[in-house]
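Below is one structure, written out as structure tokens; the observations come after it.
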Amino acid sequence: MPTSKQPPRRGPARGTAARQASLREHNLSLVLGHVLDADAPVSRADLAAATGLTRATVSALVDLLVESRVLAEGEPIQTGTAGRPAVPLTPARGTLAGLGLEVNVDYLGVRAVDLAGDVLADVVVPGDHHASDPAVVLADLAARAADVARDLEARGVDVVGASLALPGLVDPSADRLRLAPNLGWADLDLSALREVAPFDRLGLTVTNEANLAAVAEWRARRRALPSFLYVSGEVGIGGALVHEHAVFGGVRGWSGELGHTTVEPDGPLCACGAHGCLEAYAGKDALMIAAGLDRLGPLADLCARADDGDAPALAALARGGWALGVALASFVNLTDVAHVVLGGIYGPLEPYLRAHVAAELEARVLTAPREDLVVEPSLAGAEAAMTGGAVEVLRGLAANPSSRLPT
């Protein structure tokens, strides 16, 4: 017998299992991504052709995704060719949901969206959060999120995560909200929020409001617009530059603070402490006050006054449109963006702002007239950041589908 002690064999099983698990995860994500991104139902044969995987592999992966309620099968369709009828595959409805949460200056809300894009729950609570106590506001939001999650789970919906949109500078690397001037919040530690129900079991990410609203816009356009500037008009004004299907965050994730672009250095005082920021002319508070209306009132009041030809309302909108055009012209000159989407309050206000914005772009953009520069209202709807937050949660699921598979 040999006297030397042989090292233990590391047989192939352990390493192979790891590689196989990684490969399965990749293939699951690939298949699921194709179904989620498709404009129409797809079959197993379609997926095999699109992914390059074998029909047998695709079928096994689809069976796992159907079993875990991520995908749904429709009624078989006879294609007119030899072989079995095609079974259409779609994202499952009403089975899994992401929660999108938002705290803004004049409302907070919770929205649940499923993989098919259906809104399963929607709670929007008006309120005045100027100079508010973050502990009180976030506790209220957590309680409402817990109610929504509890109701969904009672209906058989599995809530897979939550994402919170805040109107300010969010530093995810430090788990802090650095500054939200319109809320009056600064240097706020967000880590403790993850220990509060329902986030202690669902998890929570926190992102800038405009960035998540841009995700909702990208999705609403069926991913057909790869690059654009999303302008989020609320009390504050945020911006998000989407380039090649991804939000450009900058070095620290703080890009897009369009509302604090200087329009006039000696202009009105802004909540941030500077003078002449775009928000001081074209934010919701600024527009309502200039029109002689209650700043907390509904935007419909401003639209109604404008429709009636009310001089102060029309003057407020003209001034706001001028300021917005000045700021956008600078952004277009800097970035060469060709598509601008006006969201938030600017969606319904776009008809009143259009001519004033266009005049400034014509006068100030160096390449004007630019036939390829498009400025149009958002398709993402109201409180788009909540939708975007839910979409981001579900995109995380698409990147890690094994987390939903039966154990």
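Just so you know, these numbers use all the heavy atoms, side chains as well, and skip hydrogens, waters and symmetry mates.
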Mind running side-chain contact (heavy atoms from CB on, under 4.5 Å) on Asp285 and Glu279 for me, showing each step along the way? CA-CA 9 Å; Asp285 281 3; Glu279 284 182 11; over 6 Å; no
For Asp189, what residues pass the salt bridge (Lys or Arg N to Asp or Glu O under 4.0 Å) criterion, not counting sequence neighbours? none
Heavy-atom donor-acceptor pair, Thr51 side chain to Leu53 backbone, under 3.5 Å: yes
Counting only N and O atoms by type, is there a donor-acceptor contact under 3.5 Å from the side chain of Asp175 to the main-chain atoms of Ala192? no
Quick one: list whatever passes side chain to side chain contact (heavy atoms under 4.5 Å, CB included) with Thr205, sequence neighbours left out. Ser163
For Thr57, is there any backbone N or O sitting under 3.5 Å from a side-chain donor or acceptor partner on Thr54? yes
Among pairs that include at least one residue of residues 218-235, which meet salt bridge (charged side-chain N to carboxylate O under 4.0 Å, His left out), considering only residues two or more places apart or in two chains? Asp37-Arg223, Asp39-Arg222, Glu217-Arg221, Arg221-Glu376
Under 3.5 Å donor-acceptor, Arg305 side chain and Ala313 backbone: no
Are the side chain of Ser68 and the backbone of Leu65 linked by a donor-acceptor contact shorter than 3.5 Å? yes
Quick one: do Cys277 and Val263 satisfy side-chain contact (heavy atoms from CB on, under 4.5 Å)? Show the steps, please. CA-CA 6 Å; Cys277 295; Val263 176; over 6 Å; no
Under 6.0 Å from the ring centre and within 45 degrees of the ring axis: does the NZ or CZ of Arg176 meet both conditions for the six-membered ring of Trp254? no
When rounded to the nearest 0.5 angstrom, what distance separates CG in Leu324 from CG in Leu317? 11.5 Å
Straight-line distance of Leu71 CG to Leu115 CG, nearest 0.5 Å: 8.0 Å
Is any NZ, NE, NH1 or NH2 atom of the basic residue among Arg150 and Asp147 found under 4.0 Å from an Asp or Glu carboxylate oxygen of the other? yes
Output side-chain donor-acceptor pairs under 3.5 Å for residues 287-303, partner residues at least two apart or in another chain, one line each.
| residue | atom | partner | partner atom | Å |
| --- | --- | --- | --- | --- |
| Asp294 | OD1 | Leu296 | N | 2.9 |
| Arg295 | NH1 | His130 | ND1 | 3.1 |
| Arg295 | NH2 | Asp128 | OD2 | 3.2 |

Rounded to the nearest 0.5 Å, what separation is found between the CG atom of Leu152 and the CG atom of Leu99? 6.5 Å
Using a cut-off of 6.0 Å, state whether more than 12 heavy atoms not belonging to Glu244 lie near its atom CD. yes
Counting C-beta onward and ignoring hydrogens, is there a side-chain heavy-atom pair between Arg24 and Leu64 closer than 4.5 Å? yes
Any donor-acceptor pair under 3.5 Å linking the side chain of Glu25 with the backbone of Ser402? yes
Please determine whether a side-chain nitrogen of the Lys or Arg among Glu153 and Arg201 lies less than 4.0 Å from a carboxylate oxygen of the Asp or Glu. yes
Indicate yes or no for a side-chain donor-acceptor contact from Ser255 to the backbone of Phe248 under 3.5 Å, with no hydrogens or angles considered. yes
Should the pair Asp187-Arg178 be classified as a salt bridge under the 4.0 Å nitrogen-to-oxygen rule? yes
Counting only heavy atoms not in Arg155 (residues, nucleotides, ligands), do more than 12 fall under 6.0 Å from its CZ? yes
Name all pairs fulfilling the side-chain hydrogen bond (donor to acceptor under 3.5 Å, both in side chains) condition that reach into residues 96-114, sequence neighbours left out, sorted by first residue then second. Glu102-Asn104, Glu102-Tyr107, Arg111-Asp122, Arg111-Glu383, Arg111-Thr387
Any donor-acceptor N or O pair under 3.5 Å, side chains Asn211, Tyr230: no
For Asp46 and Ser43, test the side chains for any donor-to-acceptor distance below 3.5 angstrom and give the result as yes or no. yes
When you measure from the side chain of Ser132 to the backbone N and O of Pro134, does any donor-acceptor pair fall under 3.5 Å? no
May I ask you to test the Cys270-His260 pair for a side-chain heavy-atom distance under 4.5 Å? yes
My understanding is that only residues two or more places apart in sequence, or in another chain, count here; which of them pass ring-ring contact (aromatic ring centres under 6.0 Å, His included) with Trp322? Tyr281
Any donor-acceptor N or O pair under 3.5 Å, side chains Ser232, Glu209: yes
Tightest non-hydrogen contact, residues Leu353 and Tyr346, listed as CD1-CD2, 3.6 Å
Would the distance check show the side chain of His275 and the main-chain N or O of Asp266 forming a donor-acceptor pair, the cut-off being under 3.5 Å? no
